[in-house]
Asker: 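Quick one: this structure, given as structure tokens, is what I'll be asking you about.
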Amino acid sequence: MRVQRLRWFTPPTAPKPAPAFFGQERALKALEAAFRHGGHGYLVGPSGLGKRKRLLAYLQGRAFPKEELVYLPLGEEAFPLLLPEGKGRALVEGVEALMAEFTPALFREKGFLYAKNLVESRYEKEAEALLEALAEEAKGHGFTLAEGEGELRLSGKGPLPPELSARLEETVLAYLDLRQRAQAEVAALRRGFAERFLLPKAESLKAQFPEAGPYLDYLLENLLRAAALEEEPALEALFPKLLVAGGTRVVHEPNPTPERLFGHLEYEAREGVLSTHLGLLRPGALALATGGVLVLEAHRVLELGSYPLLKRALATGEVEPLTPRPEVRGPRLKPAPLKAQVFLVGPPEVLALLEEDEEFLELFPFRVEFSPEIPYTEENVAYLGGFLEAEGVALTPEGVAALADEARRLAGHRDRLDARLYRLLDLAKEAVAYGSPLDRKAVERAVLAREERFGLEEELYLEELKEGVVALEVRGERVGEVNGLVVVEGPLPAGRPVRITAQAGPGREGILSIDREVGLGGQVFHKAVLTLAGYLRGTYAQVGALSATVSLVFEQSYGGLEGDSAGLAELLAVLSALAGLPLRQDLAVTGAVDQTGRVLAVGRVAEKVEGFYRVCRTLGLTGTQGVVLPKANLPHLTLKEEVVRAVEEGAFHLYAVEEVDEAVELLFGRKAYWVHERVREVLEHFQKLENGEEKA
């Protein structure tokens with residue numbers, strides 16, 4: 001069937017504000033289910049779909065609980081405490097106010113100084129009485145009592161009498177006891193005085209924050225002890241750490257190292273000693289997302305070694321900040337409750353690796369799968385324009401249509417749009433240099449510029465074709481030769497014809513692929529060759545066992561070959577070699593075949609058609625050239641305007657076939673039954689030669 005109606009271009013379409021998940025309804029339903037059930041999930045799909053950005057846009061403005069996380073020191077350990085929004089900060093501010101009361105000015109109050117003077121004066125009088133009694137007794141023995149540098153001495157002539165020495169020792173002990181009792185009473189006085197000021201405030205805090213009761217008791221006791229001993233309290237060791245407060249609670253961590261994911265406790269060196277305190281505790285992404293959502297790149301979690309730790313945290317429901325090495329002095333941190341919903345984002349190959357782990361599927365039960373393509377509808381085209389406008393690209397309706405056409409070409413289907421929106425965004429931004437707001441001409445110039453940047457290899461190939469370095473015919477007829485079509489992979493895949501040749505003779509080896517024999521053919525390629533042999537056995541079964549050896553080769557092909565899209569071309573070359581009948585060289589052929597003779601669809605058909613058109617244009621269009629392709633591939637013909645116009649004007653032709661016989665009649669220029677009859681005659685002749693019934 002000759003194909004003539006090829007117009008497929010998008011009409012001008014005005015942009016329309018796009019929802020975050022337009023065209024990805026399946027993914028949206030899975031995501032909504034994840035939020036309904038509060039489970040962790042993973043977003044999977046090819047790169048360029050904007051999975052992470054779509055998720056963050058979907059979460060923008062969403063309300064999440066904003067509990068505040070406070071770490072409280074308690075002896076050698078520190079405990080986490082989750083409080084409602086605002087209460088964590090209020091607790092810390094209350095503790096600050098309580099500590100602010102503990103100042104030297106507290107003990108310069110008149111009441112305290114008067115009480116302290118009374119205690120000190122009473123003990124001074126008792127001490128003076130002790131010393132006077134000792135002095136009188138020493139005087140009777142001719143000695144005098146002297147005080148100096150914290151000690152008592154008796155001086156006089158001659159040795160100190162034993163009874164006087166014992167009296168001196170007794171007085172010293174009594175004097176020291178008086179001083180200790182005086183210090184204890186002053187300490188109790190200081191503690192009591194501090195307690196009168198601090199206890200009401202501490203009790204008020206305990207009433208507001210009963211969850212923090214043990215910590216507040218510990219704090220108050222340390223402050224009172226410092227007051228009694230006239231010491232500066234170690235405020236760093238007593239002060240709480242407000243680790244998480246405020247924030248949107250939607251966190252994307254692009255560099256999920258264990259430290260950035262779980263948080264860590266830094267340390268410092270003071271006089272050769274390594275120490276730390278809660279003031280040096282840094283929050284991780286899991287803590288910052290408390291009550292909300294944490295978004296992570298799956299491949300980065302694996303690369304940076306965080307995956308085992310993340311699994312453990314999700315399994316236990318706890319986040320344990322990383323602590324310094326053992327010799328660092330400081331509090332031991334207890335794990336905090338994990339209250340974030342975690343989503344991993346990644347391409348299929350990375351997530352497939354993770355899905356092999358049963359624990360992963362238990363911990364991340366919600367698979368949010370993005371389609372690489374979305375339906376081509378007027379609404380989705382308008383949404384595409386709205387998405388680009390939201391990214392800062394000004395467009396005309398013609399510009400939207402041109403970019404939609406490029407999305408259809410990338411998808412390789414007239415009824416689908418490539419969903420890799422950010423690739424289209426890159427193209428649109430490049431096109432802005434040629435005109436803003438964007439119209440069709442600006443987009444086409446950007447596409448052409450991109451093709452030129454990646455077109456050196458194609459340019460060299462066409463030069464070699466014109467010089468005859470590449471042996472290829474696009475006119476005339478040849479026996480056992482046909483132009484197949486392949487795609488050269490790269491940043492911009494390009495179709496290219498390749499000469500397939502076949503030679504046939506008597507033998508028992510059947511179809512022999514030279515490319516396969518030398519290791520250039522892959523598994524699918526080999527399958528196609530075996531399928532071809534199956535077709536021959538079925539079609540010519542009445543002949544009996546095939547007594548033929550047919551060698552097949554892709555000429556001037558030096559790289560690996562894979563796929564079955566050359567199956568139809570190979571079959572035609574084999575039939576031509578067996579029948580001794582020539583094939584048209586002005587037609588290139590693409591399509592797979594099955595054993596029953598049905599022609600099956602192949603990939604990248606538009607690139608293949610355009611590749612053969614470029615070759616024919618380079619070598620000279622004759623008006624008879626064209627491509628034979630599977631009828632099932634008609635929806636995939638997203639051809640460029642130049643090729644469409646050439647087909648419409650009759651300068652180039654496309655033929656869609658469903659059965660092998662249709663292609664046989666096109667390439668041989670004869671009825672299919674006549675060609676098959678000729679092949680049967682040759683196979684019977686080969687069989688007789690093999691059986692010795694005839695001589696060559």
Side-chain angles (χ1 to χ4, degrees), residues 4-25 27-28 45-46 48-51 53-54 57-58 60 370-453 492 606-607 609-610 634-649:
Q4 291 179 306
R5 298 183 61 182
L6 289 172
R7 292 256 155 214
W8 60 279
F9 306 106
T10 305
T13 306
K16 182 179 178 181
F21 278 75
F22 79 90
Q24 300 286 357
E25 286 72 22
L28 180 59
L49 296 176
K51 301 180 292 295
K53 290 186 178 181
R54 287 183 187 230
Y58 172 80
Q60 190 173 11
F370 283 70
S371 171
E373 299 167 355
I374 61 177
Y376 167 68
T377 63
E378 183 179 346
E379 185 177 50
N380 279 342
V381 172
Y383 284 155
L384 173 61
F387 161 77
L388 294 170
E389 280 195 336
E391 294 290 336
V393 179
L395 302 117
T396 65
E398 291 78 10
V400 174
L403 287 166
D405 286 344
E406 192 61 24
R408 293 163 76 187
R409 278 180 59 80
L410 289 171
H413 201 292
R414 294 183 178 190
D415 297 327
R416 296 173 195 161
L417 295 167
D418 192 296
R420 294 172 293 182
L421 301 179
Y422 287 87
R423 292 195 179 187
L424 289 173
L425 176 60
D426 290 341
L427 177 63
K429 288 180 177 178
E430 185 176 339
V432 168
Y434 302 107
S436 182
L438 289 187
D439 56 15
R440 182 172 286 277
K441 287 185 178 180
V443 174
E444 289 174 350
R445 288 184 66 184
V447 171
L448 181 60
R450 183 168 291 187
E451 289 175 352
E452 288 176 350
R453 286 200 299 274
L492 292 179
E607 288 89 339
V609 170
E610 291 170 355
L634 290 179
H636 305 111
L637 289 177
T638 53
L639 299 171
K640 292 183 178 179
E641 172 72 28
E642 180 185 358
V643 182
V644 171
R645 192 166 54 248
V647 173
E648 290 176 342
E649 294 172 355

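Just so you know, these numbers use all the heavy atoms, side chains as well, and skip hydrogens, waters and symmetry mates.
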Asker: Only one of Lys53, Glu391, Arg54 forms a side-chain contact (heavy atoms from CB on, under 4.5 Å) with Leu421, so which one is it?
Answerer: Arg54

Asker: Would Glu406 and Leu427 count as a side-chain contact (heavy atoms from CB on, under 4.5 Å) here? Give the steps.
Answerer: CA-CA 9 Å; Glu406 192 61 24; Leu427 177 63; 3.6 Å; yes

Asker: Using side-chain heavy atoms (C-beta onward) and a distance below 4.5 Å, is Leu492 in contact with Arg453?
Answerer: no

Asker: Side chains of Pro375 and Asn380: does their closest heavy-atom pair fall under 4.5 Å?
Answerer: yes

Asker: For residues Thr638 and Gly412, report the shortest heavy-atom separation together with the two atoms involved.
Answerer: OG1-CA, 4.4 Å

Asker: Between Tyr434 and Glu444, is any pair of side-chain heavy atoms under 4.5 Å apart?
Answerer: no

Asker: Are the side chain of Lys51 and the backbone of Gly45 linked by a donor-acceptor contact shorter than 3.5 Å?
Answerer: yes

Asker: Ignoring hydrogens and angles, tell me if any N or O in the side chain of Ser371 forms a donor-acceptor pair with the backbone of Ile374 under 3.5 Å.
Answerer: no

Asker: Are any non-hydrogen side-chain atoms of Arg409 and Val447 less than 4.5 angstrom apart?
Answerer: no

Asker: Can you measure from CG (Leu403) to CG (Leu438) and round to the nearest 0.5 angstrom?
Answerer: 6.5 Å

Asker: Please name the pair of heavy atoms, one in Ala18 and one in Tyr383, separated by the smallest distance, quoted to 0.1 Å.
Answerer: CB-O, 3.3 Å

Asker: Show your working on side-chain contact (heavy atoms from CB on, under 4.5 Å) between Leu637 and Arg414 and close with a plain yes or no.
Answerer: CA-CA 7 Å; Leu637 289 177; Arg414 294 183 178 190; 3.9 Å; yes

Asker: Taking side chain as C-beta onward, heavy atoms only, is Val381 less than 4.5 Å from Val400?
Answerer: yes

Asker: What distance do Asp415 atom CG and Glu373 atom CD have between them, rounded to the nearest 0.5 Å?
Answerer: 11.0 Å

Asker: Using every non-hydrogen atom in the two residues, find where Leu639 and Trp8 come nearest and quote the distance to one decimal.
Answerer: O-NE1, 2.7 Å

Asker: So how far is it from Tyr376 OH to Arg408 CZ, rounded to the nearest 0.5 Å?
Answerer: 4.0 Å

Asker: Testing the basics here: between Ala394 and Ser436, what is the closest heavy-atom pair and its distance to 0.1 Å?
Answerer: CB-OG, 4.1 Å

Asker: Under 4.0 Å between a side-chain nitrogen and a carboxylate oxygen: does that hold for Lys441 and Asp439?
Answerer: no

Asker: Please name the pair of heavy atoms, one in Ala382 and one in Ala14, separated by the smallest distance, quoted to 0.1 Å.
Answerer: CB-O, 3.5 Å

Asker: Given side chains that start at C-beta, do those of Leu417 and Leu424 come closer than 4.5 Å, heavy atoms only?
Answerer: no

Asker: Are the side chain of Asp405 and the backbone N or O of Thr10 linked by a donor-acceptor pair below 3.5 Å?
Answerer: yes

Asker: Give me the atom names and distance for the closest heavy-atom approach of Ala401 to Pro11.
Answerer: CB-O, 3.4 Å

Asker: Nearest 0.5 Å, please: how far is CD in Glu607 from NZ in Lys640?
Answerer: 9.5 Å

Asker: Is the ring pair Phe22/Phe387 parallel, tilted or perpendicular, if the boundaries are 30 and 60 degrees?
Answerer: tilted

Asker: If you count heavy atoms of other groups shown closer than 6.0 angstrom to CZ of Arg7, is the number above 12?
Answerer: yes

Asker: Return the orientation label for the Phe21 and Phe370 ring planes: parallel under 30°, perpendicular over 60°, tilted otherwise.
Answerer: tilted

Asker: With side chains defined as the heavy atoms from C-beta onward, is the minimum distance between Glu648 and Leu6 less than 4.5 Å?
Answerer: no

Asker: So do the side chains of Phe9 and Glu641 get within less than 4.5 Å of each other, counting heavy atoms only?
Answerer: yes

